Amino acid sequence: VQLQASGGGLVQAGGSLTLSCAASGRIYSSKIVGWFRQAPGKGREFVAAIRWGSGIRYYEDSVRGRFTISKNSAENTVYLQMNSLKPDDAAVYYCATGNQYSTFHNDYNNWGQGTLVTVSS
């Protein structure tokens with residue numbers, strides 16, 4: 001299954017963006033889909049994840065309350081609604097699937113290409 005992330009762009013601080021991660025095929029219920037981000041000169045950072053089967057959601061502390069991860073099972077797509085964006089949120093955002101919940105990027109084994117989010121102050 002290939003993952004295709006989209007929806008990035010330029011937004012002013014305080015604005016909103018919605019990222020999409022579309023899978024080319026079925027995502028099995030045992031999988032977890034995560035969003036990570038990587039800013040220039042920094043490591044890949046966990047943002048949010050959702051269990052495909054149960055829909056249980058996880059968030060990194062700095063985005064909880066501002067970002068919402070959701071899924072459309074029929075379309076094999078995961079969304080990341082990002083509100084109240086801050087300059088610190090600027091990064092390339094990646095989606096990935098894994099077999100278990102983890103905030104560590106190495107535990108995810110199938111990655112999409114990134115989509116760039118730029119936040120102007």
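Just so you know, these numbers come straight off a predicted model, no measurement behind them. The analysis underlying the following values was restricted to heavy atoms, covering all of them including side chains, and did not include hydrogens, waters or symmetry mates.
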Note to self: Aromatic contact between W35 and F67, with the criterion being ring centroids under 6.0 Å apart: yes or no?
What the structure shows: no
Notebook entry, point to check: What distance do S120 atom OG and L85 atom CG have between them, rounded to the nearest 0.5 Å?
Noted result: 10.0 Å
Next item on the list: Establish, from distance only, whether the side-chain atoms of K71 and S73 form a donor-acceptor pair under 3.5 Å.
Entry: yes
Checklist line | Pairing of R64 and D61 as salt bridge, 4.0 angstrom limit | finding: yes
Check: Taking W52 for the side chain and I27 for the main chain, is one N or O donor matched with an acceptor at less than 3.5 Å?
Finding: yes
Notebook entry, point to check: Under 3.5 Å, is there a donor-acceptor pair between the side chain of Y108 and the main chain of N99?
Noted result: no
Next item on the list: For G112 and Y94, work out which heavy atoms get closest and say how close.
Entry: O-CD2, 3.6 Å
Notebook entry, point to check: Taking atom types as modelled and ignoring hydrogens, do the side chains of T77 and N72 form a donor-acceptor contact shorter than 3.5 angstrom?
Noted result: no
Notebook entry, point to check: Are the ring centres of F46 and F104 closer than 6.0 Å?
Noted result: no
Checklist line | Pairs where residues 43-52 contributes a residue and the test salt bridge (Lys or Arg N to Asp or Glu O under 4.0 Å) is met, not counting sequence neighbours | finding: R37-E45
Note to self: Given 3.5 Å as the limit, does a donor-acceptor pair link the side chain of Q2 with the main chain of A23, or not?
What the structure shows: no
Check: Quick one: do the T18 and Q81 side chains pair a donor with an acceptor below 3.5 Å?
Finding: yes
